Amino acid sequence: MENKFNFKELEGKIYRAWEKSGVLTPKIDKDKQPYVITMPPPNAYDRLHIGHALFVTLEDIMIRYHRLKGEPTLWLPGADHAGIASQVFFEKILKKEENKTRYDLGREEFIKRLRKFVLEKRKIVEDQLRRLGASCDWTRNKFTLDPDVSEAVYHTFKKMYDEGLIYQGERIVNWCPRCNTGLSDLEVAYQETEGQLTYIKYPLQNSDEFITVATTRPETMLGDTAVAVNSKDKRYKNLIGKTLILPLVGREIPIVADDAVDPKFGTGAVKVTPAHDPTDFEIGERHKLDAPIVVGQDAKMTNRAGKYAGLKVLDARKKILEDLNKSGLIEKQIKYEHRVGHCDRCKEVVEPLISKQWFVKIESLAKPALEAVKSGKIKFIPKRFKKVYLNWMENIRDWNISRQLWWGHRIPIYYLKSDKTKFAVAKNTDDAQKELGGEVVQENDTLDTWFSSGLWPFTTLGWPRETQDFKYFYPTTVMETGYEIIFFWVARMIMLGLYCTGEVPFELVYLNGIVRDKNNQKISKSKGNVIDPIDMVEKYGADALRMGMMMGTAPGSDTHVDENKIRAYRNFANKIWNAARFISMKAPGAKSINNVNLSTADTKMLKEFKEIIKKVTREMDKYEIGQAGDTLYQYFWHRFCDECIENTKPRLEDAKASDAAGAVLNHILKNSLIMLHPFVPFVTEAVWQELYSSSGQLITQAWPQ
RNA sequence: GGGCGAUUAGCUCAGUUGGUUAGAGCGCAUCAUUGACGUUGAUGAGGUCACUGGUUCGAAUCCAGUAUCGCCCACCA
C-alpha cells in the first residue's frame with residue numbers, strides 16, 4: 001500500500017466498480033421492506049453547487065446505511081427541466097452569442113436548441129453526482145421531460161380537469177417583466193423597501209371638497225375606478241355613493257364602501273385599481289368595477305395611460321407626481337417602508353396585473369395533505385417544520401400553474417380555431433381535432449415546473465402504469481430536501497401524491513439547511529462566494545468534502561462550508577488508510593477473534609467497540625447523521641488509532657500474543673470500515689479491496705451487530 | 001401583525017428522552033520525530049453554556065420572562 005490514500009487515482013475506478021457491479025440497483029424481494037429515496041432532481045442545465053453536495057452526502061449516507069443493512073435500497077436519480085431558470089439562462093446565451101431572442105428562432109426551433117443544450121449539460125451534472133460518490137441507481141435515471149413522465153403529467157392534468165380541479169381565470173397574478181411570465185404567489189419574494197407614501201387629493205364632482213387617498217404607487221391612479229372607504233367610517237359616511245373626478249384623467253369614479261379598508265391607515269380612503277392590486281381587484285369584483293390595465297407586461301404604461309403611455313413605471317410615477325404637484329393635488333409625501341415583491345428567480349420587481357391563467361383549485365387537495373401530516377403518517381425531521389407546513393397548508397390559495405414560457409410541459413388544452421371559446425383537453429392535435437371537429441391550436445402556456453416536480457416520487461416509478469417498480473417501491477421512504485422548498489415542492493408532492501395514487505408519497509421528510517460561507521453569508525453567484533464542490537473533490541477528495549459537509553450539522557439548521565474543515569477531513573480519510581496500512585503490514589491474514597485467546601485488554605476493546613456499534617446504529621436509525629459521523633470519527637481516530645493500536649503495538653511483536661492482538665485489530669478495523677463506509681465510501685472501499693476482498697467483492701457486508 | 005430559530009472556546013458550530021472533569025474542526029503555545037500516518041503524536045492555554053427567575057438531589061439541556069441577531073408567513077393602500 002502507498003503511504004497515502006491516493007484519492008485522485010482511485011475514486012473514479014471505485015465508482016465505476018460500484019456502478020458496474022450492479023449493487024446500486026436493488027433486487028426486488030417481496031419478503032423485504034424496501035428503502036427508497038427519490039433524489040431531488042438538480043436542474044439539468046446547471047453545474048452542481050455546494051448545496052447539492054450537502055443533500056447528496058446526506059442522502060447517500062442514508063442509502064448506503066440501509067443497503068449495508070441488507071435492505072433492497074433504491075436511490076432514484078434524475079434531472080429537472082427547470083422551466084424559468086433554464087429558459088432565461090438560455091435566452092441570455094442566445095442574446096450574447098448570436099444577438100437573437102427566442103422570437104427570432106420561433107418556438108419550435110428554440111425548444112429544439114434548448115433541449116439539445118440541456119441534454120448535453122445534464123451529462124455534466126450526472127458526472128458530478130458520480131464524483132461526489134452518489135450511489136444512485138442509474139438504470140432508473142429520469143428526466144422531467146422524458147416521454148413517460150410527460151405522459152404522466154398529461155394524465156394528471158386530464159384527471160384534474162375532468163374532476164373540475166383545473167380552471168381558467170382572469171385575475172391578478174404576479175408578473176415578472178424580465179422573465180416574461182406570470183408567477184405563483186410562492187415565487188415572489190417580498191423585500192422591505194424604502195418608498196414614499198403620497199397623499200393625493202381627489203376632487204368631488206361639482207364641489208370644492210375632495211377626498212385624500214394615500215398610495216405608494218401613484219402611477220396606478222390612471223387605472224383607478226373607485227375610491228373605497230370603510231362603511232363604518234364616520235368621516236366619509238355622507239360621501240358614499242358620491243362621485244369623484246379622477247385627477248389628470250378627468251374620469252368620474254364612485255366612492256364605494258368596502259370593509260377591506262382599514263380606517264386607521266392613511267386617510268381611511270383607498271384608491272381602487274382593480275387591474276393592479278389584489279385587494280383592489282377583490283373590491284372591484286364586489287362593486288362590479290371596470291379594471292383598466294394601465295401597466296403592461298413589459299412594466300411600461302399602456303395606451304390606456306394616455307399621455308403617459310410607453311413610459312416605464314418609475315418614469316411614469318415621476319411624471320405623474322410632477323403633474324399632480326403642478327395642479328396642487330399633492331397634500332403631502334412621507335417616507336414609508338413597505339414590502340415590494342421581487343421575482344424569486346431574477347430579482348426584478350414584479351407587477352401585479354390581471355391576466356388569464358390556469359389555476360388548480362386547491363382546497364380538496366389540501367385537506368388530505370393536512371390530515372396525512374397531522375395524523376403522523378408523514379413525519380418531519382426536524383419536527384418544527386411540521387408546524388410550518390400545517391400553517392401554510394391551512395391558509396393555502398389556488399395555485400397558478402400556467403407560465404408564459406416555452407420550455408416545459410405545454411398545457412394540453414386545444415382551442416378550436418374558428419371559435420376559441422371552445423376547447424378540449426387532449427393528448428395531441430389529432431385527438432383534439434377529432435373531439436372539437438375542426439382545426440385546433442394548442443394553448444401557448446406551459447405548466448409550472450413544480451407541477452411535474454410534484455409528481456416526481458411516482459412518475460419516476462412508472463406511474464400511472466401499474467409497474468412492478470411502482471407497486472414495490474411506492475410509497476417511498478424518505479424525502480430529503482432543503483427547508484426552503486417545503487411549500488414549493490414537499491407540499492405539492494404530498495397533495496398530488498395523495499390525489500394521484502391515494503397514498504402518501506413518502507413517510508419521512510428530512511430537511512436540511514442552507515449552506516453558507518464562513519462569514520455566515522448565503523452562497524450565491526452575485527456575492528461571489530461560491531465554492532465549487534467539484535473543485536473541493538479535486539483538491540481533497542470526495543470523502544473529505546462529504547465529511548466537511550455533514551459533520552457538525554444538525555437537521556434543518558444552516559451549515560457552513562469552510563475549506564479548512566474539508567482539508568481536515570482529508571486527513572481523516574488518510575488516517576483510515578494508514579491505520580489499515582499498518583494493520584495489513586503487522587497483522588496480515590489474521591485469525592477470527594473466535595479462534596484466539598483474547599487477553600483482558602482485548603475483551604475490553606471489543607466490548608467498547610460493541611458499544612460504539614450500538615451507539616452509531618441508534619444514531620443512524622434516528623437520522624442523527626452528524627452525530628453518528630462524530631461518534632465514528634472520535635472513536636476511530638482518537639480511540640482506535642491513538643489508543644488501541646498504540647497500546648497493542650508491543651503485543652504484535654510478541655509471538656505469544658500476536659495472534660489475538662492481530663485478530664482484534666482486524667476485527668475492529670473491518671467493522672469500522674463498514675460503518676464508516678456511508679460517510680467516506682471511497683477510502684473505505686479502497687482499503688476493503690486491499691485487505692478484505694480477495695476477488696474484488698465490494699463492501700456489502702452486513703452492518704455489524 | 002403572527003410564527004419559528006439562534007445566543008456554548010479567538011472563529012465556525014455539535015451537544016435529541018436532565019446525570020460524573022461541556023466537545024469537534026480551524027487557530028494558538030510547548031515538546032516529540034529515520035517508527036502506519038508530520039495529512040502525525042503528547043501536553044496545554046482558552047468557556048459565569050446571552051441574561052433573570054423557577055422546577056429538580058442535579059439544568060447548556062425542562063418551564064416562564066428579558067435582550068440581541070436571523071429567518072419564514074401575512075392583501076394595510
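In the text below, chain A, chain B and the rest are named by the order of the sequence lines, each starting its count at 1. Remember, it's a predicted structure, so these values are computed and weren't measured experimentally.
OP1 and OP2 of B/rU39 both lie 4.0 Å or more from every side-chain N or O belonging to A/N578. Taking side-chain N and O atoms only, A/K575 has a distance below 4.0 Å to OP1 or OP2 of B/rG41. Between A/Y633 and B/rG25, a side-chain N or O to OP1/OP2 separation shorter than 4.0 Å is present.
Remark: A/A580 engages A/M1, A/L669, A/V687, A/L691 in a side-chain contact (heavy atoms from CB on, under 4.5 Å) (not counting sequence neighbours). Applying the side chain to side chain donor-acceptor pair (under 3.5 Å) criterion to A/Q357, with sequence neighbours excluded, gives A/S355, A/S402, A/Q404. Residues satisfying the side chain to side chain donor-acceptor pair (under 3.5 Å) test with A/D621, not counting sequence neighbours, are A/Y65, A/K69. Under the side chain to side chain donor-acceptor pair (under 3.5 Å) criterion, A/N230 pairs with no residue, sequence neighbours left out. Every residue two or more places apart in sequence or in another chain was checked for a side chain to side chain donor-acceptor pair (under 3.5 Å) with A/D630, and none qualifies. With sequence neighbours left out, the ring pair (Phe, Tyr, Trp, His ring centres under 6.0 Å) criterion links A/F488 to A/W450. Listed by chain and number, the residues in a side-chain contact (heavy atoms from CB on, under 4.5 Å) with A/A542 are A/E11, A/V537, A/F682 (sequence neighbours excluded).
Pairs passing the side chain to side chain donor-acceptor pair (under 3.5 Å) check and including a residue from residues 541-554 of chain A, sequence neighbours excluded, read A/D60-A/R546. Applying the salt bridge (charged side-chain N to carboxylate O under 4.0 Å, His left out) test to every pair with at least one member in residues 383-392 of chain A, sequence neighbours left out, gives no pairs at all.
A/K4 comes within contact range of at least one nucleobase, with a heavy-atom separation under 4.0 Å. Looking at heavy-atom distances under 4.0 Å, A/R339 makes contact with a base. Nucleic acid contact class of A/R397 (heavy atoms, under 4.0 Å, all strands): sugar-phosphate only.
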**OP:** Could you run through nucleotides 2-7 of chain B and give me one letter per nucleotide, 5' to 3': B if any protein heavy atom sits under 4.0 Å from the base, S if only the sugar-phosphate is that close, - if neither?
**Re:** --SS--
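Taking the centre of each ring, A/Y633 and A/F679 stay at or above the 6.0 Å mark.
Scanning residues 661-670 of chain A for heavy-atom distances under 4.0 Å to RNA chain B yields an empty list.
Across all strands shown, the partner of B/rC71 is B/rG3, judged by Watson-Crick or G-U wobble contacts whose two distances both fall under 3.5 Å.
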Name the pairs: protein N/O against N/O of nucleotides 14-17 of chain B, kept only if under 3.5 Å.
residue, atom, partner, partner atom, Å
B/rA14, OP1, A/S557, OG, 3.1
B/rA14, O5', A/G552, O, 3.4
B/rU16, O2, A/E624, OE2, 3.3
B/rU16, N3, A/E624, OE2, 3.4

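Place A/A260 and A/W637 on RNA chain B by their nearest nucleotides, and A/W637 ends up nearer the 5' end.
The gap from the C1' atom of B/rU66 to that of B/rU21 amounts to 32 Å, rounded to the nearest Å.
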